[in-house]
Student: 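One structure, as structure tokens, below. Some questions next.
Just so it is clear: chains get the letters A, B, ... in the order the sequence lines come, proteins before strands, and each one is counted from 1.
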Amino acid sequence: MKIAYAGTPEYAVAPLKALIDKGYDVVAVITQPDKPVGRKRILTPSPVKAFAQGVGVSVYDFEKIRDNVEEVKGIGADLLITCAYGQLLTDPILKAFPMGVYNLHASLLPLYRGASPIQSAILAGEKYTGVTVMRTELKLDCGDILLVKRCEIGDRTYGELSDELSALSAIAAVETVEILSKGEPQLLLQDEAKATFCKKINKADGKVDFSKSARQVANLINAFSPAPAAFCSLDTAQVNLLKATPCEGCGEVGTVIKADKGGIVVACGEGAVNVLSLQFAGGKPLKAADAVNGRKIKVGDRLD
RNA sequence: CGCGGGGUAGAGCAGCCAGGUAGCUCGUCGGGCUCAUAACCCGGAGGUCGCGCGGUCCGAAUCCCGCCCCCGCAA
């Protein structure tokens, strides 16, 4: 069985690597074109492209895959597995693979269809999330389900949870191929009535509002970490808050009511959040203890 | 040339503008106090101040020049 793999960000590297390590015949990788990255706008290949080239798999980085149907057919793969590829597939593309196209999605479908499933699950305060493998249809994330992997969210940030889900996706990718190699799989219909959608999150939504409940504030901080990062201001400086957990405490909204090695506790509209990690503009991420020592954060300081 | 902050002890920072003793908090090591402690007291170790053995100067962490690296915003 010849497999093609479409993915772009770091998240999508682990599943690709797992398939290759398992000895499956990955004949081609499809990814987004190189994009300018960082302050210096350096043209950089996607993580998936960099990895694929490193292991000698041929790479296709179509500007628009829908305009390259013949080339896609020319790959001659039986199966396409996609994971955070970043382009919508069209009917001719789907039909280019005899065994079909399967997508690894980072949520428990039908929940959180769309662009930011991991962040949205944290933001909503879900207890569990996971990875769903589904047969790709034209409508976004609506296809029938092949398998699901669950995991607990806990107090994890988007970055931390993303790493775990990436690892789960790797396992799911391998299982998917194993199942498909045994013939037509059993698929489960999605319950449309329970479907929810999430849109792309944007930087502005990361403004912390301490008048909300501690749970909501902590969810926001963790969902936006490490990027685009939840932020607030302290004096005249902007501070990105990178990790927090709700805790006991009360006081005037936005006021630091405790600051020591254990964290920086800020009063919220309801309860308080313990900020464990933060980053001042221009600085690197700091543990709360370091911020207390070096940046002299103390009880009574105001965040807003 | 998009705007801006930064590189000083293991960590985080101050000192720089108005050159002249290497400073603060934490950590660490040793000792003391305590039933006890992340508490408190005493003492110690630890720094080529990013690089150019660059320039100016009697003297540079500090001023000037060149380079490297990190980061916030914007995109």
Student: Using a 4.0 Å cut-off on heavy atoms, which residues in residues 286-304 of chain A reach RNA chain B? List them by number, or say none.
Tutor: A:Leu286, A:Asp290, A:Asn293, A:Gly294, A:Arg295, A:Lys296

Student: For B:rC63, does the O4'-C1'-N9-C4 or O4'-C1'-N1-C2 angle fall within 90° of 0, making it syn, or is it anti?
Tutor: anti

Student: What does the B/S/- profile of nucleotides 67-75 of chain B look like, 5' to 3', with a 4.0 Å heavy-atom cutoff to protein?
Tutor: ----BBB-B

Student: Using the C1' atom on both, measure B:rC1 against B:rA14 and round to a whole Å.
Tutor: 33 Å

Student: Donor-acceptor pairs under 3.5 angstrom involving side-chain atoms of residues 287-294 of chain A: please list them, not counting sequence neighbours.
Tutor:
none

Student: Distance-only check: which donor-acceptor pairs under 3.5 Å involve side-chain atoms of residues 258-275 of chain A, not counting sequence neighbours?
Tutor:
| residue | atom | partner | partner atom | Å |
| --- | --- | --- | --- | --- |
| A:Lys258 | NZ | A:Asp260 | OD2 | 3.3 |
| A:Asp260 | OD1 | A:Gly262 | N | 2.8 |
| A:Asn274 | OD1 | A:Ile264 | N | 3.3 |
| A:Asn274 | ND2 | A:Gly262 | O | 3.2 |

Student: Would you say that A:Leu168 contacts A:Cys151 through its side chain, given a criterion of any heavy-atom pair below 4.5 Å between the two side chains?
Tutor: yes

Student: Taking only residues two or more places apart in sequence, or in another chain, which ones meet A:Asp91 in a salt bridge (charged side-chain N to carboxylate O under 4.0 Å, His left out)?
Tutor: A:Lys95

Student: Side-chain donor-acceptor pairs under 3.5 Å in residues 66-80 of chain A, sequence neighbours left out?
Tutor:
| residue | atom | partner | partner atom | Å |
| --- | --- | --- | --- | --- |
| A:Asn68 | ND2 | A:Lys64 | O | 2.7 |
| A:Asp78 | OD2 | A:Lys2 | N | 2.7 |

Student: Taking only distance into account, with no hydrogens and no angle test, what donor-acceptor pairs under 3.5 Å do side-chain atoms of residues 54-62 of chain A form with protein atoms, sequence neighbours excluded?
Tutor:
| residue | atom | partner | partner atom | Å |
| --- | --- | --- | --- | --- |
| A:Ser58 | OG | A:Val27 | O | 3.1 |
| A:Asp61 | OD2 | A:Lys49 | NZ | 2.9 |

Student: Using distance only, find each side-chain donor-acceptor pair of residues 171-181 of chain A under 3.5 Å and give its atom names and separation, not counting sequence neighbours.
Tutor:
| residue | atom | partner | partner atom | Å |
| --- | --- | --- | --- | --- |
| A:Glu175 | OE1 | A:Lys149 | NZ | 3.2 |
| A:Glu175 | OE2 | A:Lys149 | NZ | 2.7 |
| A:Thr176 | OG1 | A:Ala172 | O | 2.7 |
| A:Ser181 | OG | A:Val177 | O | 3.3 |
| A:Ser181 | OG | A:Glu178 | O | 2.7 |

Student: Tell me: CG of A:Leu278 to C1' of B:rC13, nearest whole Å?
Tutor: 14 Å

Student: In whole angstrom, give me the gap between the C1' atoms of B:rC69 and B:rG50.
Tutor: 8 Å

Student: Give none if B:rG72 has no partner; otherwise give the nucleotide forming a Watson-Crick or G-U wobble pair with it, both distances under 3.5 Å.
Tutor: B:rC3

Student: What's the gap between B:rG66 and B:rC26 when it is taken at their P atoms, as a whole Å value?
Tutor: 41 Å

Student: Would you give me the side-chain donor-acceptor pairs under 3.5 Å for residues 112-132 of chain A, sequence neighbours excluded?
Tutor:
| residue | atom | partner | partner atom | Å |
| --- | --- | --- | --- | --- |
| A:Tyr112 | OH | A:Glu126 | OE2 | 2.6 |
| A:Arg113 | NE | A:Asp141 | O | 3.2 |
| A:Arg113 | NE | A:Gln190 | OE1 | 3.2 |
| A:Arg113 | NH1 | A:Glu192 | OE1 | 3.2 |
| A:Arg113 | NH2 | A:Gln190 | OE1 | 2.7 |
| A:Arg113 | NH2 | A:Glu192 | OE2 | 2.9 |
| A:Ser116 | OG | A:Ser120 | OG | 3.1 |
| A:Ser116 | OG | A:Lys199 | O | 2.7 |
| A:Ser120 | OG | A:Ser116 | O | 2.8 |
| A:Lys127 | NZ | A:Glu152 | OE2 | 3.3 |
| A:Thr132 | OG1 | A:Ser107 | O | 2.5 |
| A:Thr132 | OG1 | A:Leu109 | N | 3.1 |

Student: From CG of A:Asp235 over to P of B:rC13, roughly how many Å is that when rounded to an integer?
Tutor: 16 Å

Student: Once you apply the 3.5 Å cut-off to both distances, tell me the Watson-Crick or G-U wobble partner of B:rG46, or none.
Tutor: none

